[in-house]
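Reviewing the structure listed below.
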Amino acid sequence: MINIVEKSKCCGCTACSNICPQKAIEMVKDDEGFLYPSVDKSKCNNCNLCTKICPVLNKKTVEKKQKGYVLNNKEENIRADSTSGGAFTPIAEYVLDRNGVVFGASYNSNLEVIHIYIEKKEELYKLRGSKYVQSFLGDSFKKVKEFLENDRFVCFSGTPCQIEGLKNFLGKDYEKLITVDVMCHAVPSPLVFEKYKSFIKKTKLNNEEIESIIFRDKSKYGFKYSTMTVKSSKKEYYRGVETDPFLRSFFGDLSDRPSCYDCAFKKQYHESDFTIWDCFIAEKFNKKLDDDKGTSRMLVNTEKANQIFDEINNKFEFTEITPEKLTENVKEMTNSVNLPEKRKDFFADINKLDEEAFFKKYFPDSLKVKVERFIRITLIKTGIYKKVKTLAKKILRK
Ligand SMILES: Cc1cc2nc3c(=O)[nH]c(=O)nc-3n(C[C@H](O)[C@H](O)[C@H](O)COP(=O)(O)OP(=O)(O)OC[C@H]3O[C@@H](n4cnc5c(N)ncnc54)[C@H](O)[C@@H]3O)c2cc1C
């Protein structure tokens with residue numbers, strides 16, 4: 001029976017609760033806002049299916065022949081709507097064109113991040129764009145299986161742990177399943193996100209209901225300095241990475257799931273068909289791709305993905321790059337995030353302090369933050385941000 005003694009050994013993928021034939025495992029929220037399996041021992045018959053399919057307990061490393069690409073979606077509106085270069089949409093469209101279904105992370109009506117499935121291209125916008133919060137999977141894995149058993153094409157997109165959880169849950173290969181994972185830094189807590197939404201609503205939007213959230217909005221200052229944008233019907237809040245409290249908690253690694261600090265899925269060879277992630281250094285691979293509107297990197301991990309890429313590559317401006325070059329210095333592929341000392345206090349305070357006191361304590365809008373914001377925006381407006389950033393990185397490396 002699954003027994004989570006150390007929280008760092010559970011990625012919350014839901015494979016165990018979905019597989020349990022006795023329906024004895026429920027995913028229950030802890031006081032950090034993350035879900036963990038809880039077993040009703042009176043229902044459990046010790047079949048141990050849950051431990052056999054847990055992707056953290058059963059780590060895999062299968063070497064594969066990969067291909068690498070740097071690419072931009074040719075459709076400007078799709079690229080604008082996507083977090084990086086719009087790599088995900090053509091894969092999803094390939095499946096929808098074959099009467100398939102596409103699973104991915106979206107918002108529900110309370111702006112919580114959840115996995116949904118869609119069957120029409122007009123609905124793809126719901127899945128586009130990274131939501132930097134652990135998504136609620138519910139019974140998505142069971143639904144995927146049902147569609148596959150009914151001979152439908154299925155595209156499932158998510159984090160590497162979600163993909164491995166799904167594949168273990170399914171227990172066999174399905175020709176019509178196409179999986180896409182994002183190269184994941186770490187997943188932040190849904191509770192921190194809830195607190196953040198109340199904070200922004202109260203302090204920046206005159207208490208008006210939030211209507212939309214974009215985690216990395218490229219429309220304000222471009223791809224390389226994307227902002228968090230939160231809108232109500234009358235007001236709009238946007239702030240960059242050094243100022244916005246949610247982005248500061250994400251990039252400061254304070255709000256991540258405990259398993260992300262010892263992630264079992266940091267490796268070169270992912271179990272997915274495609275792995276997609278940001279490319280902030282497109283000019284290094286192909287100058288023509290670097291227009292600051294968003295560029296993706298893509299690893300094609302399987303022969304199936306290779307054939308699909310051949311069919312969809314007319315949707316992209318792209319350059320092929322060796323997998324070694326493409327993944328050089330990509331820390332989020334191989335390294336877990338560092339555990340900050342402050343994390344314990346941060347989560348102890350989240351349930352004690354109100355939203356204003358909480359975010360002001362951990363992310364004060366200090367003079368240093370204001371000066372940094374002023375410098376960044378001035379550099380962007382004068383068109384020399386990229387040059388100065390590259391120079392600063394070189395100096396820091398020395
Ligand atoms: C939690 C998280 C951490 C990430 N960390 C990094 C990183 O460290 N470095 C990096 O280069 N890129 C990272 N990415 C990936 C990056 O943000 C882009 O998603 C990726 O480049 C694809 O962009 P796109 O333009 O091709 O696709 P888009 O059209 O923007 O597609 C977004 C895709 O991400 C999926 N997705 C969105 N939110 C979630 C979520 N909460 N959980 C699971 N799946 C989700 C959607 O289902 C969809 O398939 C991360 C993404 C997420 C969700």
Side-chain angles (χ1 to χ4, degrees), residues 11-14 69-73 75 77-93 95 102-108 111-118 123-137 140 155-163 165-166 178-190 193 213-218 223-224 226 241 246-247 250-251 253 255-257 260 263 265-266 270 272-282 293-299 312 315-316 318 326-327 329-337:
C11 63
C13 74
T14 74
Y69 300 95
V70 172
L71 45 85
N72 293 339
N73 195 306
E75 280 197 51
N77 57 337
I78 291 179
R79 190 146 75 108
D81 215 19
S82 311
T83 294
S84 45
F88 166 68
T89 296
I91 306 169
E93 285 175 341
V95 167
V102 179
F103 285 75
S106 180
Y107 294 110
N108 65 13
L111 289 169
E112 291 157 332
V113 179
I114 60 160
H115 256 65
I116 61 162
Y117 69 87
I118 55 126
E123 289 180 313
L124 257 177
Y125 74 91
K126 295 181 184 169
L127 312 186
R128 276 196 283 269
S130 293
K131 292 103 187 159
Y132 297 115
V133 179
Q134 184 157 39
S135 73
F136 176 76
L137 286 169
S140 300
C155 170
F156 187 93
S157 61
T159 55
C161 53
Q162 291 173 335
I163 301 296
L166 171 67
I178 293 133
T179 51
V180 183
D181 61 8
V182 290
M183 189 74 84
C184 177
H185 172 88
V187 284
S189 150
F193 188 48
I213 301 179
I214 308 175
F215 278 81
R216 279 191 26 221
D217 187 354
K218 301 184 277 192
F223 174 55
K224 290 178 186 149
S226 32
V241 67
F246 191 85
L247 293 181
F250 179 46
F251 290 108
D253 302 329
S255 53
D256 302 330
R257 189 177 175 98
C260 299
C263 175
F265 309 94
K266 296 288 179 191
H270 286 206
S272 61
D273 293 299
F274 295 94
T275 301
I276 54 176
W277 74 107
D278 297 308
C279 185
F280 292 113
I281 49 164
K293 291 182 180 171
T295 301
S296 299
R297 297 190 222 204
M298 179 192 275
L299 271 176
I312 62 172
K315 304 269 174 80
F316 300 117
F318 69 95
L326 191 76
T327 57
N329 298 323
V330 177
K331 279 205 227 107
E332 55 272 42
M333 187 176 75
T334 46
N335 297 7
S336 295
V337 288

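Keep in mind that the numbers below use all heavy atoms, side chains included, and drop hydrogens, waters and symmetry copies. Keep in mind it's a predicted model, so treat the numbers as computed, not measured. Remember, it's 1-based here, ligands and their atoms both numbered in the order they're listed.
Using a 30° and 60° split on the angle between ring planes, Tyr132 and Phe250 fall in the parallel class, below 30°. In this structure, Phe318 and Tyr69 have perpendicular ring planes: the angle between them is above 60°, well past the 30° mark. Ring planes of Phe215 and Tyr107: parallel class, angle under 30° (limits at 30 and 60°).
Where the criterion is an N or O separation shorter than 3.5 Å, residue side chain and backbone included, Ala105 meets it with respect to ligand 1. Between Gly129 and ligand 1, a contact under 3.5 Å exists for at least one N or O pair. Geometrically, ligand 1 and Ala87 share a nitrogen or oxygen pair separated by less than 3.5 Å. At least one N or O atom of Lys131 sits closer than 3.5 Å to an N or O atom of ligand 1. By the 3.5 Å distance cut-off applied to N or O atoms, Val133 is counted among the residues near ligand 1. Any N or O atom pair closer than 3.5 Å counts here, and Phe103 shares no such pair with ligand 1. In terms of polar-atom proximity, His185 is counted as a contact of ligand 1, with an N or O under 3.5 Å from an N or O of the ligand. The shortest N/O to N/O separation between Tyr132 and ligand 1 falls below 3.5 Å.
At distances below 3.5 Å, at least one donor-acceptor pair connects side-chain atoms of Asp273 with backbone N or O atoms of Thr179. In this structure, the side chain of Lys218 engages the main chain of Ser82 through a donor-acceptor pair within 3.5 Å.
The heavy atom nearest to atom 18 (C) of ligand 1, considering only Cys155, Ala92, Ser296, Ser130, is found in Ser130.
Scanning all protein heavy atoms for the shortest distance to atom 12 (N) of ligand 1 gives Asp278 OD2, 3.2 Å.
Counting atoms of ligand 1 from 1 in the listed order, those under 4.0 Å from a heavy atom of Trp277 are 10 (C), 11 (O), 12 (N), 20 (C), 21 (O). Interface of Ser82 with ligand 1, defined as ligand atoms under 4.0 Å from a residue heavy atom, comprises 25 (O), 28 (P), 29 (O), 30 (O). The ligand atoms of ligand 1 that sit less than 4.0 angstrom from a heavy atom of Gly104 are 47 (O). Atoms of ligand 1 lying under 4.0 Å from at least one heavy atom of Ile276, given by number and element, are 22 (C), 26 (O). Using a 4.0 Å cut-off to heavy atoms of Ser157, the atoms of ligand 1 that qualify are 46 (C), 47 (O), 48 (C), 49 (O). Annotation for ligand 1: atoms under 4.0 Å from non-hydrogen atoms of Gly86 are 24 (P), 25 (O), 26 (O). If you number the atoms of ligand 1 from 1 as listed, the ones under 4.0 Å from a heavy atom of Gly158 come out as 43 (C), 44 (N).
Side-chain polar atoms of Gln162 and Ser135 form a donor-acceptor pair below 3.5 angstrom.
To the nearest 0.5 Å, atom OG of residue Ser272 and atom CG of residue Leu166 are 11.5 Å apart.
Taking 4.0 Å as the cut-off, Ala186 counts as a neighbour of ligand 1 on heavy-atom distance.
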